[in-house]
Amino acid sequence: MTFGLILFLGRALLAAEDKAAVSWKSHLQRLRGVAAEVGVHVVLLPEGKTLFEMNSQKPLVPASLVKLLTSYAALKELGPDYTFRTEVWATGRPREGILPGSIWIKGHGDPYLTPERLWLLAQKVRGLGVRRILGSVHVDNSQFDPPYEQLCLDGQCERTHNPVISATAVNFNTVTLQITSRPGGKGTSVRAFPPTDYAAIQQRWQKKPSRKVIISLSSLGVGDDGREVFQLRGRPPAEKVLPVERRLNVQDPEKFVALTFRRTLEEAGVQVTGTSSQALPVPSKAVLVCSLESPPLGDLLFGLNRYSNNFMAEMILRVLGGHVYGLPGSSAKGCRAVDDVLRRMGVSRSEAVLDSGSGLTRTTRVSPRVFSLVLKEAYNDFSVGPEFLASLARPGDDGTLLRRLRDLPDGAALRGKTGTLKDVVSFSGYLFSPGKKVYAVTVILNGVREIWKARREVDLLLQNLPALAG
């Protein structure tokens, strides 16, 4: 090989390296243009070799990326097959179809006790031959401390992204108002879902219908009768745009669960005579009537991460804390359990300060490198990795990436978790390149001024990453 050819090849290699460096640099400059603080970490899997980093060990506000830590810790400590139980207790056994006293519904933190599954629980009661309950329906929330709590960030506490947490919770502690047209198109009809005696509905419509759905839904609080008043205001939706749904948190989850389960029992053919429902612990001499198991944790993570469900993340965090450090479960115990898992991975306390299972906070701070470590550990751990990876969102599929990252290179694939607050945009997940290489990539942007611009720059980096990484 001649000296001239060697010199030419050397210059070509240097030019290629400079081009890659400029490309990484240009992306970094673009990210800095949309955020005050930028953290990036890209590693090659399975070994975890760092390919690019910027502030990778700096703790930043990660928003919903925290759900990755909660999910991984729960899988490691509870196991993918772990189920959450909801029980029905009574003061005695049924005789000739009659339960002589009250019943208690006691939850153990099931994050997925939907109305359909509450119906299954009512059917279990009926299947034991019970046709009448002489007492009332009470709720035992003693598995969590406090028994229930409202999380609220940036106001709008009644909105469902700011969840109400309780150990016994139906329909994510939310009520949905379904607006439909009356027969013959004469006005609108409103009903609550799930069917419940808890919701009292007020309609304050203006006279003229509108083809634009401009509806205000608010809570007027819980009245003396124990029912919460939900008020609908605005112009009534025209028949062409119906049905319309609006969803809100409930203010009294214990009363909501009691009255909703009472209605469900009655619809299943079990009459409940008593009308007083209270938050009471199960009596020491009570007997277990029946119970219902949730789907396994590995399945539930699909909804948690793909749809970034704050309620489910916080419920699982408290169950995790109670499992590791003893009942009752709490947010503090759960964060400590997640922290223990991170410590065993070699994460220093300076890189992860946790006070949330969902990321609905600005005081939790985690470095991009921590997420890369979790992604790497999960990828290399067959005991939990399949469930962890399957829970993540995919571009163009249902979930938080439904309308994002549709322009990945041919042959590339991506699964990841997004995070958003009003001044935070983040992403952490796996990128499978056309060259069959797998990367773990985390981008955290704080001090974001315009959310859509920040998302655009994160997506552009992910689209170009296979070419940048080589």
Verdict with reasoning, Leu468 to Leu461, per side chain to side chain contact (heavy atoms under 4.5 Å, CB included): CA-CA 9 Å; Leu468 295 170; Leu461 173 63; 3.9 Å; yes
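Each of Asp299, Asp398, Asp397 was evaluated against Arg306; a single residue qualifies, Asp397, per the salt bridge (Lys or Arg N to Asp or Glu O under 4.0 Å) test.
Leu421 CG to Leu445 CG: the interatomic distance, rounded to the nearest 0.5 Å, is 12.0 Å. Considering CD of Glu293 and CG of Leu120, their distance stands at 13.0 Å, rounded to 0.5 Å. Here Cys335 contributes atom SG and Asp340 contributes atom CG; the two are 11.0 Å apart, rounded to the nearest 0.5 Å. Atom CG of Leu317 sits about 5.0 Å away from atom OG of Ser331, to the nearest 0.5 Å.
Between the side chain of Asn446 and the main chain of Glu37, no donor-acceptor pair closer than 3.5 Å is present. Side chain of Glu314 to main chain of Ser358: a donor-acceptor pair is present (N/O by atom type, distance under 3.5 Å, no hydrogens or angles). In this structure, Lys255 contributes its side chain and Tyr198 its backbone to no donor-acceptor pair below 3.5 Å. Here the side chain of Thr364 pairs a donor or acceptor atom with the backbone of Asp355 at under 3.5 angstrom. Judged by distance alone, the side chain of Asn162 and the main-chain N or O of Leu153 form a donor-acceptor pair under 3.5 Å. Using modelled atom types, one side-chain atom of Asn173 and one backbone atom of Val164 make a donor-acceptor pair closer than 3.5 Å. No side-chain donor-acceptor contact under 3.5 Å links Arg404 to the backbone of Asp459. In this structure, the side chain of Asn305 does not engage the main chain of Leu392 through any donor-acceptor pair within 3.5 Å. A donor-acceptor pair is defined here as one N or O able to donate and one able to accept, closer than 3.5 Å; no such pair exists between the side chain of Thr70 and the backbone of Lys67. With Ser330 contributing its side chain and Lys333 its backbone, the two residues share a donor-acceptor pair below 3.5 Å.
Glu77 has a carboxylate O that lies under 4.0 Å from a charged side-chain N of Arg344, or vice versa, which qualifies the two as a salt bridge. Using a cutoff of 4.0 Å between basic side-chain nitrogens and carboxylate oxygens, Lys76 and Glu377 are not scored as salt-bridged. Using a cutoff of 4.0 Å between basic side-chain nitrogens and carboxylate oxygens, Glu87 and Arg85 are scored as salt-bridged. Of the charged side-chain nitrogens involved, at least one lies within less than 4.0 Å of a carboxylate oxygen, so that Asp154 and Arg362 count as a salt-bridged pair. A salt bridge between Arg318 and Glu149 is present, with a side-chain N of the basic residue lying under 4.0 Å from a carboxylate O of the acidic one.
Met312 is listed as a side-chain neighbour of Leu300, based on a closest heavy-atom distance under 4.5 Å. Taking 4.5 Å as the limit, some side-chain heavy atom of Leu375 sits within range of a side-chain heavy atom of Phe388. At least one side-chain heavy atom of His161 sits under 4.5 Å from a side-chain heavy atom of Gln156. When side chains are defined from C-beta on, Glu158 does not count as touching Ser218, because their heavy atoms never get closer than 4.5 Å. The shortest distance between side-chain heavy atoms of Gln463 and Leu460 falls below 4.5 Å.
Screening residues 29-71 for ring-ring contact (aromatic ring centres under 6.0 Å, His included), with sequence neighbours left out, gives Trp24-Phe52.
Side-chain atoms of Thr168 and Asn141 include a donor-acceptor pair closer than 3.5 Å. In the model, Thr176 has no side-chain atom that pairs as donor or acceptor with a side-chain atom of Glu245 under 3.5 Å. Donor-acceptor pairing under 3.5 Å is recorded for the side chains of Thr400 and Thr418.
In this pair, His138 and Trp104 present their aromatic rings tilted. The plane angle is within the 30 to 60° band. Ring geometry, Phe84 versus Tyr82: the interplanar angle exceeds 60°, so the pair is classed perpendicular (tilted spans 30 to 60°).
In Arg227, the CZ atom is crowded: over 12 heavy atoms of neighbouring residues, nucleotides or ligands sit closer than 6.0 Å. Atom CZ of Arg343 has more than 12 heavy atoms from other residues, nucleotides or ligands within 6.0 Å.
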